[in-house]
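Heads up, the thing below is written out as structure tokens.
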Amino acid sequence: MTFSITTWNINSVRLRMPIVEQFLVRHKPDILCLQEIKCREAEFPLQPLKDLGYRHIIIHGQKGYHGVAIASKVPLLEDHRQDYCGVGDARHISAIFERGSRRIRLHNFYVPAGGDEPDRSINPKFGHKLDFVEEMKALKAGAVPGISSILVGDLNIAPLEHDVWSHKQLLKIVSHTPVETEGMKEVIRQGGWLDLMRHHTPEPTKIYTWWSYRAKDWEAADKGRRLDHIWSSPDLGPFLDRIEVLKEARGWNQPSDHVPVTAVFKF
DNA sequence: ATGGTTGGGATCCAA
């Protein structure tokens, strides 16, 4: 039995439904996790997803900013939304699903970008990001015996040297500063998570999932970063068949600045 | 060292 799950920061789901549908028709993941939907729950375009077989949809929306959603072909059980940092942002949604005899807890995150200045004393947005990451350290992949875990999302941190186009040039750039990358490594270590993308494609192979809108020619410059992630509890590691980073989606009409990342399991 | 683009929704903020 196979199972596939995609994470994609869509940067306005209403504007980008044409490419969401294009992706789903071509790639048919069992579950699609979206971030930055930038709409309220009532404004979310449910019908096009239901028409493609994604009948189980849960949304944590917000007017204009942030927002996360899970669209699934398999039923979603025991869903909840956690308010990280207690500021009322829609940045997390979670559910349990079943695949064969397995029960899996899925978390979908949109971690704060953190602003431009990597100093919390002058940039509160960077402080918010660090606090958010600190709170994520409590999330344990093996929290409930008999239930596996998958964590996906736009985590807005590129933790490893080969997760960015230039390690040296990005050390003082928000998303790759040591306090962020060490924080993320602690979230992984303390939570007992497995970084599935690096399990499949170890360093020093470069992996990017985001290319800035600001580059004149994103493809020629290729100054990307790995900001989007798929983690799991270690028990699922042996069943990972492949990871697909759909770089071509960055070149589609009216693209997101992030591309879809898919994990395919063979159980 | 600087400025570059995009989206939402309001004429600026966040990314």
Side-chain angles (χ1 to χ4, degrees), chain A residues 7-23 33-45 59-69 83-92 108-120 122-133 152-159 163-166 168-177 179-181 183-184 208-229 247-261:
Chain A
T7 180
W8 195 5
N9 178 318
I10 201 63
N11 187 15
S12 175
V13 69
R14 289 174 293 177
L15 187 67
R16 270 180 253 291
M17 274 316 285
I19 61 171
V20 170
E21 292 175 71
Q22 177 174 318
F23 173 77
C33 296
L34 296 172
Q35 303 88 35
E36 273 205 279
I37 61 172
K38 289 187 171 177
C39 66
R40 299 179 188 94
E41 187 168 343
E43 299 162 336
F44 188 94
I59 300 156
H60 188 186
Q62 180 176 340
K63 180 182 177 177
Y65 301 102
H66 324 313
V68 288
D83 181 4
Y84 278 74
C85 299
V87 293
D89 283 356
R91 295 182 179 274
H92 169 264
N108 178 17
F109 275 98
Y110 176 50
V111 172
D116 288 334
E117 188 59 54
D119 178 349
R120 69 182 306 155
I122 57 175
N123 173 17
K125 286 188 282 192
F126 193 68
H128 179 210
K129 184 179 196 176
L130 297 182
D131 293 343
F132 196 105
V133 169
V152 307
D154 174 6
L155 305 185
N156 267 316
I157 296 173
D163 291 338
V164 293
W165 63 275
S166 169
K168 279 188 178 175
Q169 291 183 74
L170 288 175
L171 277 170
K172 292 179 178 173
I173 302 298
V174 172
S175 74
H176 196 61
T177 65
V179 65
E180 294 170 86
T181 59
M184 172 166 283
Y208 309 143
T209 65
W210 171 91
W211 291 262
S212 172
Y213 283 129
R214 297 177 188 177
K216 275 190 188 126
D217 184 339
W218 70 273
E219 196 164 24
D222 201 25
K223 293 182 173 179
R225 305 178 200 170
R226 183 171 75 113
L227 303 180
D228 303 275
H229 298 268
K247 184 176 180 180
E248 69 167 62
R250 184 63 179 77
W252 289 353
N253 280 338
Q254 278 201 294
S256 170
D257 44 357
H258 296 252
V259 299
V261 182

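Per chain, numbering begins at 1; letters A, B, ... match sequence-line order.
- Going from atom CH2 of Trp211(A) over to atom C1' of dA15(B) covers 17 Å, rounded to whole Å.
- Spacing between dG4(B) and dA15(B) at atom C1', rounded to whole Å, works out to 14 Å.
- Scanning for side-chain contact (heavy atoms from CB on, under 4.5 Å) contacts around Ala90(A) gives His60(A), Gln62(A), with sequence neighbours left out.
- Separating the C1' atom of dT6(B) from that of dA10(B) is a span of 16 Å, rounded to the nearest Å.
- Whole-Å rounding puts the Asn156(A) CG to dA15(B) C1' distance at 8 Å.
- Side chain to side chain, Thr7(A) and Gln35(A) meet the donor-acceptor criterion of an N or O pair below 3.5 Å.
- Here Arg91(A) lies in heavy-atom contact (under 4.0 Å) with sugar-phosphate atoms only.
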Acceptor/donor pairs from residues 109-118 of chain A side chains to any protein atom, 3.5 angstrom cut, sequence neighbours excluded:
| residue | atom | partner | partner atom | Å |
| --- | --- | --- | --- | --- |
| Tyr110(A) | OH | Glu36(A) | OE1 | 3.4 |

Write down the protein N/O and nucleotide N/O pairs, taken from nucleotides 3-7 of chain B, whose separation is under 3.5 Å; answer none if there are no such pairs.
| residue | atom | partner | partner atom | Å |
| --- | --- | --- | --- | --- |
| dG4(B) | O6 | Arg214(A) | NH1 | 3.3 |
| dG4(B) | N1 | Arg214(A) | NH1 | 3.1 |
| dT5(B) | O4' | Tyr213(A) | O | 3.1 |
| dT5(B) | N3 | Arg214(A) | NE | 3.4 |
| dG7(B) | OP1 | Arg16(A) | NH1 | 3.2 |
| dG7(B) | OP1 | Arg16(A) | NH2 | 3.3 |
| dG7(B) | O3' | Ser12(A) | OG | 3.4 |

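- Take Glu248(A) and apply the salt bridge (Lys or Arg N to Asp or Glu O under 4.0 Å) test, not counting sequence neighbours, and it matches Arg26(A).
- Every residue two or more places apart in sequence or in another chain was checked for a side-chain hydrogen bond (donor to acceptor under 3.5 Å, both in side chains) with Glu219(A), and none qualifies.
- Here dA1(B) presents its P atom at 12 Å from CD of Gln169(A), a figure rounded to the nearest Å.
- Contact annotation for Arg40(A): no contact, since no heavy-atom pair falls under 4.0 Å across all strands.
- One finds the NE2 atom of His258(A) at 12.5 Å from the CG atom of Leu34(A) (value rounded to the nearest 0.5 Å).
- The CD-C1' distance, from Gln62(A) to dC13(B), rounds to 13 Å in whole Å.
- Of the side-chain N and O atoms in Lys63(A), none sit less than 4.0 angstrom from OP1 or OP2 of dC13(B).
- To the nearest angstrom, P of dG8(B) lies 11 Å from CD1 of Ile10(A).
- Remark: Asp228(A) pairs with no residue by the salt bridge (Lys or Arg N to Asp or Glu O under 4.0 Å) rule, at least two apart or across chains.
- In this structure, Trp210(A) atom CH2 and dA15(B) atom P are separated by 13 Å, rounded to whole Å.
- The NE2 atom of His66(A) sits 14 Å away from the C1' atom of dG9(B) (whole-angstrom rounding).
- For the P atoms, the distance from dG9(B) to dA14(B) is 14 Å, rounded to whole Å.
- Two residues, Glu43(A) and Ala113(A), neighbour DNA chain B, and the one matched to the more 5' nucleotide by heavy-atom proximity is Glu43(A).
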